[in-house]
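Numbers here are sequence positions counted from 1.
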Amino acid sequence: MAAPVQPKKIVAPTVSQINAEFVTQLACKYWAPHIKKKSPFDIKVIEEIYEKEIVKSRFAIRKIMLLEFSQYLENYLWMNYSPEVSSKAYLMSICCMVNEKFRENVPAWETFKKKPDHFPFFFKCILKAALAENDGEFSLHEQTVLLLFLDHCFNSLEVDLIRSQVQQLISLPMWMGLQPARLELELKKTPKLRKFWNLIKKNDEKMDPEAREQAYQERRFLSQLIQKFISVLKSVPLSEPVTMDKVHYCERFIELVIDLEALLPTRRWFNTILDDSHLLVHCYLSNLVHREEDGHLFSQSNTLHQVASYLCLLPTLPKNEDTTFDKEFLLELLVSRHERRISQIQQLNQMPLYPTEKIIWDENIVPTEYYSGEGCLALPKLNLQFLTLHDYLLRNFNLFRLESTYEIRQDIEDSVSRMKPWQSEYGGVVFGGWARMAQPIVAFTVVEVAKPNIGENWPTRVRADVTINLNVRDHIKDEWEGLRKHDVCFLITVRPTKPYGTKFDRRRPFIEQVGLVYVRGCEIQGMLDDKGRVIEDGPEPRPNLRGESRTFRVFLDPNQYQQDMTNTIQNGAEDVYETFNIIMRRKPKENNFKAVLETIRNLMNTDCVVPDWLHDIILGYGDPSSAHYSKMPNQIATLDFNDTFLSIEHLKASFPGHNVKVTVDDPALQIPPFRITFPVRSGKGKKRKDADEDEDTEEAKTLIVEPHVIPNRGPYPYNQPKRNTIQFTHTQIEAIRAGMQPGLTMVVGPPGTGKTDVAVQIISNIYHNFPEQRTLIVTHSNQALNQLFEKIMALDIDERHLLRLGHGEEELETEKDFSRYGRVNYVLARRIELLEEVKRLQKSLGVPGDASYTCETAGYFFLYQVMSRWEEYISKVKNKGSTLPDVMEISTFFPFHEYFANAPQPIFKGRSYEEDMEIAEGCFRHIKKIFTQLEEFRASELLRSGLDRSKYLLVKEAKIIAMTCTHAALKRHDLVKLGFKYDNILMEEAAQILEIETFIPLLLQNPQDGFSRLKRWIMIGDHHQLPPVIKNMAFQKYSNMEQSLFTRFVRVGVPTVDLDAQGRARASLCNLYNWRYKNLGNLPHVQLLPEFSTANAGLLYDFQLINVEDFQGVGESEPNPYFYQNLGEAEYVVALFMYMCLLGYPADRISILTTYNGQKHLIRDIINRRCGNNPLIGRPNKVTTVDRFQGQQNDYILLSLVRTRAVGHLRDVRRLVVAMSRARLGLYIFARVSLFQNCFELTPAFSQLTARPLHLHIIPTEPFPTTRKNGERPSHEVQIIKNMPQMANFVYNMYMHLIQTTHHYHQTFLQLPPAMVEEGEEGQSQETELEAEEEAMLIQADDIPSPPDVSCSQETLASRPDSASQTGANSRPETVTASVPGAVTTPVKATTPQDATSAPTKTN
């Protein structure tokens, strides 16, 4: 296995380099946004830039990046484009800019949408240029650029402007490019098409000749493009040198063809054209296939020609002429058409799910992390539409498998390199290090190989025992012993050739350094006990095992085992399973790949029954609004909104533009809860006549509101239902209404708009309206699930109907355990409580015997003793004829007085018959509920094991079941096998869940009579915030794997409810990100509450962008790839944090965020050094990355943007939105302003930020909290901080002054006369405490930045220490410190290079 050549990373130019560029000088003259007096448009500028900067540099990315970043497209190219000035250089410049925007993953078509007039002419020019002769005006390299542009157009069909142009190329008339015999054959197959074809001919005849010729050119465009490609392909020689321009052209063309075939609108007619051109045969026989180093993306007889023409594969051969095709082509054409295709399903079923060493380190299969977005890759893409569910699943299967393999490669390289495998003196293996996530194998034995199933040639099951010695720290030992069933581990064989003590170099190929030979996956069945039995998971405590030797029973992959054994027997290869010497585990959160792949494979082997109303939308076709409740045939007219509305006024305000009719006139009775009857019209009804329209509109806007009273539930205070207290806005009410109706509901929830509150209210309302239905809650993270659960518990939902699946319940901040076994224990405990109540009731009624022995005996007691007394009572007090019974009789005859003696007295008020009768019925309801619950709990008496009881709860008892998307993928097989059923799905954080992990929860149940029983699918998310985390840039950018299903639905045009009022942040802070949303405003309390209207003490502004220049000549640094740090910003951020704490801000109300992991570690080190355990300062609530902090918030956010050379991944506006929306009261951003203010995508936010001074304005004498209103001029002096050293100096002096003041106060306090201290002992203890605290603060003062030279040895920023004592895969990173006399000692983290984004990544 030769290690592939590592691709080089593109180095972004520095700001100084940008300013020195010729392009930048031109930009400042002609189009830069910050230049007020610009020179007039000059076409020569475009010609000059194209020739000198783009063509001369051979389309160098660096040059194109500079042009695109300078807003060349937006402010110069397209703004001035017209047919009069169109030229080759103009067309190519626009295409280069659009392609670069796609490479950078930023919106590309917005500029064209604003000025669409000339786009049709521009597009026609592109088509003409793409077909130009190779030796003509356009070179092959330029035409490759045009191909890429066209590919982007075909993949942007959701943009109306693009679709209108592209449609002309891919509709039925394109069949003009077919050979006549083939066209006739296709029209015969579908008679309906012949009618359309004749109609097209008639319309063509009516056209004028010029328009007809133009139409013919467009229709034949793709046919001609295919022929052009074939001519280029044929020009590639077999062995002579070939220009890479030809290879790249062929690669881009194949990519375009694959993308056209992948979308139904483009595939429908194009597929026939493609088939008629025999492109695959040409590719298969081309010389490029046989040139292995270049063609890694591919691979004469008259009789044969006549056969092919008979089959309509080739034109008919004229008489007395020989064929121009060679024999090899004709044979391949006939064979490829009629050969038996290998079944994809069969291939998938035989495929091992665990990657092996051959796949893991093959860069052609799993690309490196350095993918720049330039090249063309042999990878499937996820776009808007899919051909079938099978196609959808297959693409996701392949991409998920490859992305998982990439992560596994990172983990193996990290763990094995930490173990430092060296060759011993005797040729064996010796481990010089250790790793938390890997252990040397002591013994490995295959213990079972089960017989194959009929018709299969691989064993049904292969099990093995792996023994390791856990001579490690207790917490690591607990992690190994805590390996659960289905956890995946990897068995590794290393045979190092390097002698003991050789240093590991991360820049050199990994495999040859460690001598890695084999990698095989396995799945844990369980750990073995002393008797060799597998210890099962369950509520029972695990046995304590003696010693440090542990043996795990594992399942091996049967397919892989069969392949390995066949290779051993047939080829005499060594037995892989006798060589393993390392076992590696992975973090549980990142280790679900095998179960997900297995689930996808199982789905592909079964008939996926998706609800009919969802099928087309999931594939991306048809009417995108067809699943909206207004178009569903089973729309529900009357809904009980329960406690959603707080008053009738709230209800009326929630339906603006509607006429609300209340069924009762008395205002005193117009109190919630309300039932609302909506006018229901079928979305597929016939069109009405104009005369009926006004009446129809009036009806459609009338709501019938019926207040109703919730029946009395009993006399105890806990019987009163819990109520919602949130005054929902009208858009939130629309989201709740849509969620209660059948169909697909999509709620877009910007930051702080109450997404979780809406979700919880929908769940509660479904629970009360449809008590027999079951709702499945799915979220991306355990944290979101826990937030939902905590709010659900505050509403009127019986907790016996709640169930939480998965392993995140440990984090639930509640005394109650909602896990499966927690619910089993709850049921058992509740059963005992209720039987005690039955015993008390029996005693109060004076009934002999033991009715409370079991649920069954209690049921008989209720039937024969309780019901008889209640019926007798009702017969005495019920209304007889016209005379009302005496009110006192209700209390007098009531049979359960003694039982309710412990309730608040008097039970009966005696005011009215109706009131007392309702109280009596409420008391009976309370008693009846006891016996109803006991009847439900009877199963727990019959089922003896905890496992059986938990299964029963899951399948029968629970009405609201919650799990993460990961758990759904992991456990799908088990859930389906159990017969799990549900009617509704609610997904929170839907925009953060991978496409396939969103799809799997739809199929966690078997269909009912061939149909899915799913009635509602509610998706709540925000596609303007960060997408799912994809670590490999190739899968993220090229394959678009980061696109969630939620985002795809929005792109397709599925209707959404956009929440439009936020209550998290000050209005001024909200303005920094509300431009990204439709009409996002503020809730009233944001303007009214004191905390929002009061200024931030000690700071002049509530938000500010602070410019940070180079510190000691260095801006950003990169000690390891993508591990970005900026010492100046890190010190400045920490100095401001310390300043705020010294003013009195609580440290836990401040969070420090950054956009890169490298900076996060640097700031944490500085915090540890400066603040430590200092009682005057403390530690911030969190120091983390923007990506990690999504979904969280804090009052004050200090944000470091790190980069000084290039904007980096903050160009992704979604990351900017998350960064700007985390703060409630104050946001302070540290950045290189000159870099970020020129970025087009960031302009709406940075134009507001740069409107304020770029130096920090502080008010040091203003204490926290202040009474100053936000925006008021302060009465205290304002001080302007111009740079980081000045701030560090100021904080140092402020801290020393505070310590001296405290010291003076302590001395004064301790010198007080004894009479002033009440007790001598107390005074003495206070004296000791104060002295200790003072001493601690003085020690900490040594670490506060000292004036005036806050500095750090820059050597540390470039160093990568390789200490002998490595720590573990997820233990704390190493710390390197550099001391300078009289200066700060700044530790800098050394970590792994997987920090391409601030997404969750592993650190050393």
Side-chain angles (χ1 to χ4, degrees), residues 1096-1100 1104 1106-1112 1114 1126-1147 1150 1152 1162-1180 1183 1196 1198 1200 1228 1230 1255-1264 1276-1307 1333-1354 1356 1377-1388:
N1096 294 340
L1099 295 157
L1100 184 60
Q1104 202 176 355
I1106 298 128
N1107 186 43
V1108 185
E1109 292 299 333
D1110 286 357
F1111 175 55
Q1112 293 187 342
V1114 178
N1126 186 322
L1127 183 62
E1129 283 186 20
E1131 290 282 9
Y1132 211 153
V1133 166
V1134 175
L1136 178 58
F1137 165 71
M1138 293 167 68
Y1139 164 75
M1140 292 173 75
C1141 290
L1142 292 173
L1143 280 180
Y1145 283 86
I1150 305 170
I1152 299 177
L1162 180 57
I1163 292 171
R1164 282 181 181 175
D1165 280 348
I1166 296 172
I1167 290 281
N1168 289 338
R1169 183 71 182 171
R1170 301 277 185 277
C1171 311
N1173 300 312
N1174 193 318
L1176 277 181
I1177 299 173
R1179 292 174 182 272
V1183 178
Y1196 307 96
L1198 311 182
S1200 167
Y1228 302 93
F1230 298 81
H1255 290 130
L1256 182 62
H1257 284 50
I1258 61 173
I1259 312 166
T1261 52
E1262 184 176 55
F1264 175 89
H1276 301 266
E1277 182 188 350
V1278 176
Q1279 188 166 339
I1280 299 172
I1281 304 293
K1282 295 193 175 174
N1283 53 38
M1284 184 275 289
Q1286 184 188 350
M1287 185 65 182
N1289 186 3
F1290 179 83
V1291 170
Y1292 176 84
N1293 292 331
M1294 183 179 180
Y1295 184 85
M1296 295 310 293
H1297 174 72
L1298 193 62
I1299 283 186
Q1300 286 163 8
T1301 309
T1302 311
H1303 186 64
H1304 176 70
Y1305 169 77
H1306 287 179
Q1307 284 185 328
E1333 190 175 312
E1334 184 184 334
E1335 187 179 346
M1337 288 191 293
L1338 284 166
I1339 291 168
Q1340 290 286 344
D1342 295 338
D1343 291 324
I1344 299 297
S1346 54
D1349 65 339
V1350 178
S1351 61
C1352 171
S1353 166
Q1354 292 305 318
T1356 58
T1377 60
S1379 299
V1380 181
V1384 176
T1385 306
T1386 305
V1388 180

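Rounding to the nearest 0.5 angstrom, the gap separating the CE atom in Met1294 from the NE2 atom in His1297 is 9.0 Å. Of the inter-residue distances, the one linking Lys1282 atom NZ with Ile1106 atom CD1 reads 15.5 Å to the nearest 0.5 angstrom. Between Ile1163 atom CD1 and Leu1127 atom CG the span is 10.5 Å, to the nearest 0.5 Å. Atom CD of Gln1279 is separated from atom CD of Gln1286 by 6.5 Å, given to the nearest 0.5 angstrom. Note that the CE atom of Met1284 and the CZ atom of Phe1111 stand 4.0 Å from one another [nearest 0.5 Å].
Here the closest heavy-atom approach between residue Val1133 and residue Ser1200 is recorded as CG2-CB, 4.0 Å. Scanning both residues, Met1138 and Cys1171, for their nearest heavy atoms gives CG-SG, 3.9 Å. Shortest non-hydrogen contact noted between His1255 and Ile1281 is CB-O, 3.3 Å. Minimum interatomic distance between Tyr1295 and Ile1177 (heavy atoms only, all atoms of both residues): CE1-CD1, 4.1 Å. The two residues Phe1264 and Gly1144 make their nearest non-hydrogen contact at CD2-O, 3.2 Å. Across every non-hydrogen atom of Gly1098 and Leu1143, the tightest pair is CA-CD1, 3.5 Å.
One N or O on the side chain of Asn1126 and one on the backbone of Glu1129 form a donor-acceptor pair closer than 3.5 Å. A donor-acceptor pair is defined here as one N or O able to donate and one able to accept, closer than 3.5 Å; no such pair exists between the side chain of Tyr1228 and the backbone of Leu1256. At least one donor-acceptor pair closer than 3.5 Å links the side chain of Tyr1145 to the backbone N or O of Ala1097. A donor-acceptor pair under 3.5 Å is formed between the side chain of Asn1168 and the backbone N or O of Arg1164.
Here the side chains of Leu1136 and Met1287 are in contact, with some heavy-atom distance below 4.5 Å. Proximity of Val1134 to Val1291: side-chain heavy atoms (C-beta onward) are nowhere separated by under 4.5 Å. Inter-residue side-chain proximity for Leu1198 and Ile1150 is flagged as met; some heavy-atom pair is nearer than 4.5 Å.
Ring planes of Tyr1132 and Phe1230: tilted class, angle from 30 to 60°.
The side-chain hydrogen bond (donor to acceptor under 3.5 Å, both in side chains) search around Glu1262 returns Thr1266, Arg1268, not counting sequence neighbours.
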